[in-house]
Amino acid sequence: MNEQQIFDTVQTIFRENFDDDSLILTRETSPEDIEEWDSLEQINLLTSIEKQFCIKFTLEDVRSLSNIGDILDRIAQLCI
């Protein structure tokens, strides 16, 4: 899976979780940019991502993921 495919899949997950088909992500998008992206939603998002990509984030991963770019990079690392 290439970076664009990962990005597209993550964007779809975010759109579904936030129920907003117009949501546009960038690598810099962070919880400060999306009002509904709180700590509970972070858990929901990461769980959906884990299921979609058949990966598992560690606690250290969760603490270090501060924006979409971090999430995309970690998914790519775990999918190798």
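Positions are given from 1, in the same order as the sequence printed here. The structure presented is a predicted model; accordingly, all values stated were derived computationally and were not measured.
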Handout entry: V10 and L45, any side-chain heavy atoms less than 4.5 Å apart
Key = no
Problem - Single hit among I13, N44, I34 for side-chain contact (heavy atoms from CB on, under 4.5 Å) with F18 - result: I34
Handout entry: Hphob cluster co-occupancy, L72 + V62, side-chain heavy atoms under 4.5 angstrom
Key = yes
Handout entry: Cluster check M1, L78: I/L/V/M/F/W/Y, side chain < 4.5 angstrom
Key = yes
Exercise for the section: May I ask you to check whether D61 and T58 show a side-chain donor-acceptor distance below 3.5 Å? Expected result: yes
Can you see which heavy atom on [X] is nearest to which on [Y], and at what distance?
{"X": "D20", "Y": "S22", "value": "OD1-OG, 2.6 Å"}
{"X": "C79", "Y": "I55", "value": "SG-CG2, 3.9 Å"}
{"X": "E3", "Y": "R27", "value": "OE2-NH1, 3.4 Å"}

Practice task
State whether the side chain of Q11 and the backbone N or O of L25 hold a donor-acceptor pair below 3.5 Å, judged by distance alone.
Solution key: yes
Exercise for the section: Measure from the side-chain N and O atoms of Q5 to the backbone N and O of N2, and report whether any donor-acceptor pair falls under 3.5 Å. Expected result: yes
Practice task
Could I get the full list of side-chain contact (heavy atoms from CB on, under 4.5 Å) partners for T26, not counting sequence neighbours?
Solution key: E28, T29
Problem - Any residue meeting ring pair (Phe, Tyr, Trp, His ring centres under 6.0 Å) with F53, in chain and number order, not counting sequence neighbours - result: none
Exercise for the section: Might you work through the side-chain hydrogen bond (donor to acceptor under 3.5 Å, both in side chains) test for D8 and Q4, ending with a clear yes or no? Expected result: CA-CA 6 Å; D8 291 343; Q4 186 62 49; 2.7 Å; yes
